[in-house]
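Here the structure comes first, spelled out in structure tokens, and everything after it is commentary.
When a ligand or atom number is given, it counts from 1 through the structure's own listing order.
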Amino acid sequence: MMIRRIYVGLVGLLLASGALQFYFAAVGAFTRPQTDDSYALHATNGRIVFPVLAILATIAAALAKAPGKLVAFTLAPLGLLVVQVLIIVLGNIIGGSTEQRTTAVSLAILGLHAVNGAFILDVTGKVMKRARDHLSAASAAK
Ligand code: HEM
């Protein structure tokens, strides 16, 4: 029971970290002057906090004896985070010509970072719902 609560708590933190990414993206966009550090909060939360929470939540899901499908689904936000990084890498390769000028094609790719970001939040919300269902199934069985 306790471990199921911890699982739900970790997914809640993951959801909060994902939501904060949008806030930190805006903080980065409005920072003046723009420097290499403008997106420091977004990059740190995205590269460290979110993936660590995703891994901890998945371990907790396994320890909480969640069905295999739910354990795998708990890892989905991390898989989408990899896509999130790949979008930036690919967009930068294409747009990283002389003087780091973006092109229409690189911007079309980089813009997908926001779309995939919304998708990550949606999927994380669904993981939250299933984690809570798993917790209430344990309470009902008591
Ligand atoms: C409107 C939504 C978003 C915008 C506008 C946005 C924008 C950006 C920008 C401009 C960067 C580059 C930062 C830099 O140069 O250091 C970045 C990096 C990153 N973003 Fe987002 N982001 C958004 C949503 C998200 C979400 C929801 C996640 C994950 C939950 C995420 C994860 C990341 C990660 C991991 C990086 C670092 C990539 C790397 O290693 O270079 N972003 N984002």
Side-chain angles (χ1 to χ4, degrees), residues 1-140:
M1 193 68 180
M2 185 62 185
I3 186 68
R4 291 189 190 208
R5 278 187 208 286
I6 292 172
Y7 171 40
V8 170
L10 284 168
V11 177
L13 289 175
L14 186 66
L15 196 56
S17 166
L20 265 178
Q21 273 305 76
F22 286 89
Y23 186 84
F24 289 152
V27 168
F30 286 117
T31 299
R32 288 189 199 92
Q34 284 285 314
T35 66
D36 285 350
D37 293 334
S38 299
Y39 286 86
L41 288 171
H42 185 86
T44 307
N45 186 42
R47 284 182 199 156
I48 300 167
V49 180
F50 193 89
V52 167
L53 285 171
I55 290 166
L56 291 178
T58 307
I59 294 171
L63 294 176
K65 297 199 170 28
K69 261 184 158 180
L70 181 52
V71 177
F73 190 48
T74 308
L75 209 52
L78 186 63
L80 290 169
L81 187 74
V82 174
V83 175
Q84 199 66 330
V85 174
L86 289 181
I87 288 169
I88 296 208
V89 171
L90 190 67
N92 284 346
I93 289 173
I94 292 173
S97 53
T98 341
E99 296 172 0
Q100 287 286 345
R101 278 181 193 275
T102 49
T103 61
V105 178
S106 72
L107 286 175
I109 293 171
L110 289 167
L112 292 175
H113 189 83
V115 178
N116 189 53
F119 189 49
I120 293 177
L121 209 53
D122 180 53
V123 168
T124 309
K126 286 178 173 136
V127 174
M128 184 60 173
K129 190 193 172 301
R130 293 199 205 166
R132 290 176 71 115
D133 288 348
H134 186 57
L135 176 63
S136 36
S139 319

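Neither the backbone nor the side chain of Leu121 has any atom closer than 4.0 Å to an atom of ligand 1 (non-hydrogen atoms only).
His134 places no side-chain N or O within donor-acceptor distance of the main-chain N or O of Tyr7, the cut-off being under 3.5 Å. Ser38 places a side-chain N or O within 3.5 Å of a backbone atom of Thr35 that can act as its donor or acceptor partner. Without hydrogens or angle criteria, Gln34 side chain to Gly28 main chain gives a donor-acceptor distance under 3.5 Å. With hydrogens and angles disregarded, no donor-acceptor distance shorter than 3.5 Å links the side chain of Ser106 to the backbone of Thr102. Put simply, the side chain of Ser17 never gets that close to the backbone of Leu13: no donor and acceptor are under 3.5 Å apart.
Close approach to Gly46 involves these atoms of ligand 1, each under 4.0 Å from a residue heavy atom: 35 (C). Atoms of ligand 1 found under 4.0 Å from any heavy atom of Ala25 (numbered from 1 in listed order, with element): 3 (C), 4 (C), 5 (C), 6 (C). Ligand-side atoms of ligand 1 in range of Gln84: 24 (C), 25 (C), 26 (C), 28 (C), 31 (C), 32 (C), 42 (N), range being under 4.0 angstrom from any heavy atom.
Annotation: Tyr39 places no N or O atom under 3.5 Å from an N or O atom of ligand 1; distance criterion only. Taking distance alone, with nitrogen or oxygen atoms compared against 3.5 Å, Asp36 stays at or beyond that limit from ligand 1.
The two residues Asn116 and Ile87 have their closest heavy-atom pair at CB-CD1, 3.9 Å. Here the closest heavy-atom approach between residue His42 and residue His113 is recorded as NE2-NE2, 3.9 Å.
Looking only at its N/O/S atoms, His113 has NE2 as the one nearest to atom 21 (Fe) of ligand 1. In terms of distance to atom 21 (Fe) of ligand 1, the nearest N, O or S atom of His42 is named NE2.
When only non-hydrogen protein atoms are considered, atom 40 (O) of ligand 1 lies nearest to Arg47 NE, 2.9 Å. In this structure, the protein non-hydrogen atom closest to atom 29 (C) of ligand 1 is Leu81 CD1, 3.5 Å. Closest to atom 31 (C) of ligand 1 among all protein heavy atoms lies Gln21 NE2, 3.4 Å.
Proximity annotation for atom 12 (C) of ligand 1: of Ile120, Asn116, Ile88, Ile88 comes nearest, heavy atoms only.
The distance from atom CD1 of Ile59 to atom OG1 of Thr74, rounded to the nearest 0.5 Å, is 11.5 Å.
Checking atom 15 (O) of ligand 1 against the protein gives no heavy-atom contact under 4.0 Å.
Thr124 has its side chain within reach of Phe50: a pair of non-hydrogen atoms, C-beta onward, lies under 4.5 Å apart.
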